[in-house]
Amino acid sequence: MKFGTKAIHAGIEPDPSTGAIMTPIYQTSTYVQASPGDHKGYEYSRTQNPTRDALQKNIAALENGKHGLCFASGLTAIDAVIKLFQPGDEIIAANDLYGGTYRLFTKIFAKYGLKFHFIGMEDIAGIEKYINDNTKLIWLETPTNPMMNIIDIQGAAAIAKKHDLLLAVDNTFSTPYLQTPLDLGADIVMHSVTKYLAGHSDVVMGALVVKDDQLAEDLAFIQNSSGGTPGPQDSFLVLRGIKTLHLRMQRHCENGKAIAEFLANHPKVDKVYWPGLPTHPNHDIAKTQMQDFGGMISFTLKGNDKAEAFKVMESFQYFSLAESLGGVESLVNHPASMTHASIPYEDRQKIGLTDSLIRLSVGIEDVEDLISDLNQAIGS
Ligand SMILES: *Cc1c(COP(=O)(O)O)cnc(C)c1O
């Protein structure tokens, strides 16, 4: 089955009681048993729910995995992965991570005796220096946020295999339409389903996908024991959203390309960060591991003036100033004061996250309107 067919059909059966083509919202907490222990595979909705089951199978198929697990948020999915480990275990994470992931690692799990090393992974050879007998996991996301660096998943997987570690990839920015980390040797794929998979800015949800049966069992045990599961209504909304994932992604990529090229040629724009530009420092790796380059773009203004950047962001007609990304509507964000404000000023400068850096989540509107909006907002 190819990608678009999977998006629509994988994991989805006509409802056994009525033939309904859309998986119903099984809004129930429990299931009646004929006699104690004699049930139809469903006992309690934290553990199993038919609407969530269909979604989990669908996402697993899209990632070319075997087992999918959905959670109440992307962060709950990450939380479940880290609960596989014990005090004293060490985790090597990329240093350009979603801020909430960094907060979960440093403010919550560090208290329980887990040790995290945050390192630049654009040169994956650097990872090996941090591996010791306690190391259990490598955690990365690519493209990174908001600098749009690309990390070599296959290279990281080779290091993980060599040292018997797990490799987890946060695939939120790419989606399985652009890259399938399990095919590149990763053990766990994680999603903030909130973003492109749901796609309509109306749900918060997370997911994990794995191939290994034992790993799936361990994660399902944590999913059920900790209980951060999504409800059936949200599962239904995401099933519906995913049916158009391939069409939406195609348009996000087309619009992303046109806008990245427009910005790269604009006299007031300094740097453009989009992995599809041949001038992007990791463009070659991006070309080998991604099918296309997505709709996330960051750029800076010449002169690097914060007030100027604010003026641009306040002047948009179609780009809404908001956190989050991956929805059908275009969004703009100021990382230095919004999503990445908790990173110290000096550290932000070092990675290029300057005060005039503007991040776009390019939506699926008509690109001519988006470009004319950028043109009037940036000015001449
Ligand atoms: C949003 C996001 C998360 C967190 O997911 P939530 O659904 O908000 O909990 C994790 N990683 C990335 C890359 C994200 O963009």
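Ligands are counted one by one from 1 in listed order, and the atoms in each one are counted from 1 as well. In this chain, numbering begins with 1 at the start of the sequence shown.
- Ring planes of Phe116 and Phe118: parallel class, angle under 30° (limits at 30 and 60°).
- Taking each heavy atom of Val169 and Ala186 in turn, the nearest pair found is CG2-CB, 3.9 Å.
- The residues Glu261 and Lys257 are annotated as salt-bridged, a charged nitrogen and a carboxylate oxygen being separated by less than 4.0 angstrom.
- Which parts of ligand 1 touch Met205 is read off a 4.0 Å heavy-atom cut-off, strictly below it: atoms 7 (O).
- Ring-centre distance between Phe299 and His266: not below the 6.0 Å cut-off.
- In terms of polar-atom proximity, defined here as any N/O pair under 3.5 Å, Asn145 makes no such contact with ligand 1.
- Relative ring orientation between Trp139 and Phe105 is described as perpendicular, the plane-to-plane angle rising above 60° on a 0-90° scale split at 30° and 60°.
- Among all non-hydrogen protein atoms, the one lying nearest atom 5 (O) of ligand 1 is Ser192 OG, 3.0 Å.
- Taking a cut-off of under 4.0 Å to the non-hydrogen atoms of Asp170, the atoms of ligand 1 that pass are 10 (C), 11 (N), 12 (C), 13 (C).
- Which of Tyr98, Phe173, Phe71 comes nearest to atom 8 (O) of ligand 1 through a heavy atom is settled by distance: it is Tyr98.
- At a 3.5 angstrom cut-off on N or O pairs, Leu325 does not count as close to ligand 1.
- Within the 4.0 Å heavy-atom criterion, both parts of Leu75, backbone and side chain, lie near ligand 1.
- Nearest to atom 15 (O) of ligand 1 by heavy atom, out of Lys195, Glu141, His191, is Lys195.
- Side-chain atoms of Lys115 and Ile91, non-hydrogen and from C-beta on, never get closer than 4.5 Å to each other.
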